[in-house]
Amino acid sequence: SKAIRDQILKILSFEKEMNEDFEEKTQSLNFDEIINNIADYIDSDTQSRNGSDEGRFYENAELNVMPPNQSLRTIEELNLVAGMTEDIYN
């Protein structure tokens, strides 16, 4: 939902403001795109919120996983989301 998306963006933006190391490591990342990728990873359709087809995005990123289009089973599964970095995950 929009409320969840806004909350995640708020958390990441706050961390970026308060943590200089995090800001430096994530300055080139597009948080909106990553949040869209999380939503696409778990939603039931194959359309990417960033445009095109979810599968094509994962193929182009050379990831060895396709979005399962179901709820995350573990928090670690976030590491499989396109664009996710260790810095954001941690």
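In this text, all values refer to a predicted model and were calculated from it rather than measured experimentally.
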With the threshold set at 4.0 Å, does a side-chain nitrogen-carboxylate oxygen contact exist between Lys10 and Asp6? no
Looking only at heavy atoms, the pair that brings Asp40 and Pro67 closest together is O-CB, 4.1 Å
Between OG1 of Thr46 and CG of Asp43, what distance do you get to the nearest 0.5 Å? 8.5 Å
Is the backbone of Ala82 close enough, under 3.5 Å, to the side chain of Asn37 for a donor and an acceptor to pair up by distance? yes
Check for a donor-acceptor pair, side chain of Asn19 on one end and backbone N or O of Lys16 on the other, with a separation under 3.5 Å. no
Flag, side chain of Asn50 to backbone of Glu33, donor-acceptor distance under 3.5 Å: yes
Looking only at non-hydrogen atoms, find the nearest pair between Leu80 and Val65 and report the distance. O-CG1, 3.7 Å
Heavy atoms, side chains only, cut-off 4.5 Å: are Ile88 and Phe31 in contact? yes
Do you know the tightest heavy-atom contact between Ile34 and Gly83? CD1-O, 3.4 Å
Between the CD atom in Glu15 and the OG1 atom in Thr26, the distance rounded to the nearest 0.5 Å is 8.5 Å
If you count every heavy atom of other residues, nucleotides or ligands that lies below 6.0 Å from Gln70 atom CD, does the total exceed 12? yes
Does atom CD1 of Ile4 have more than 12 heavy-atom neighbours, drawn from other residues, nucleotides or ligands, at distances under 6.0 Å? no
Could you tell me whether the side chain of Arg5 reaches within less than 4.5 Å of the side chain of Asn36, counting heavy atoms only? yes
Cluster overlap Leu12 with Met18, hydrophobic side-chain contacts below 4.5 Å: no
Can you tell me if Glu23 has over 12 outside heavy atoms packed within less than 6.0 Å of its CD? yes
For the atom pair CD1 (Ile35) and CG (Leu9), what is the distance rounded to the nearest 0.5 Å? 4.5 Å
Qualifying side-chain hydrogen bond (donor to acceptor under 3.5 Å, both in side chains) pairs, either residue in residues 81-90, two or more places apart: none
Tyr41 versus Glu77, side-chain donor and acceptor atoms under 3.5 Å: yes
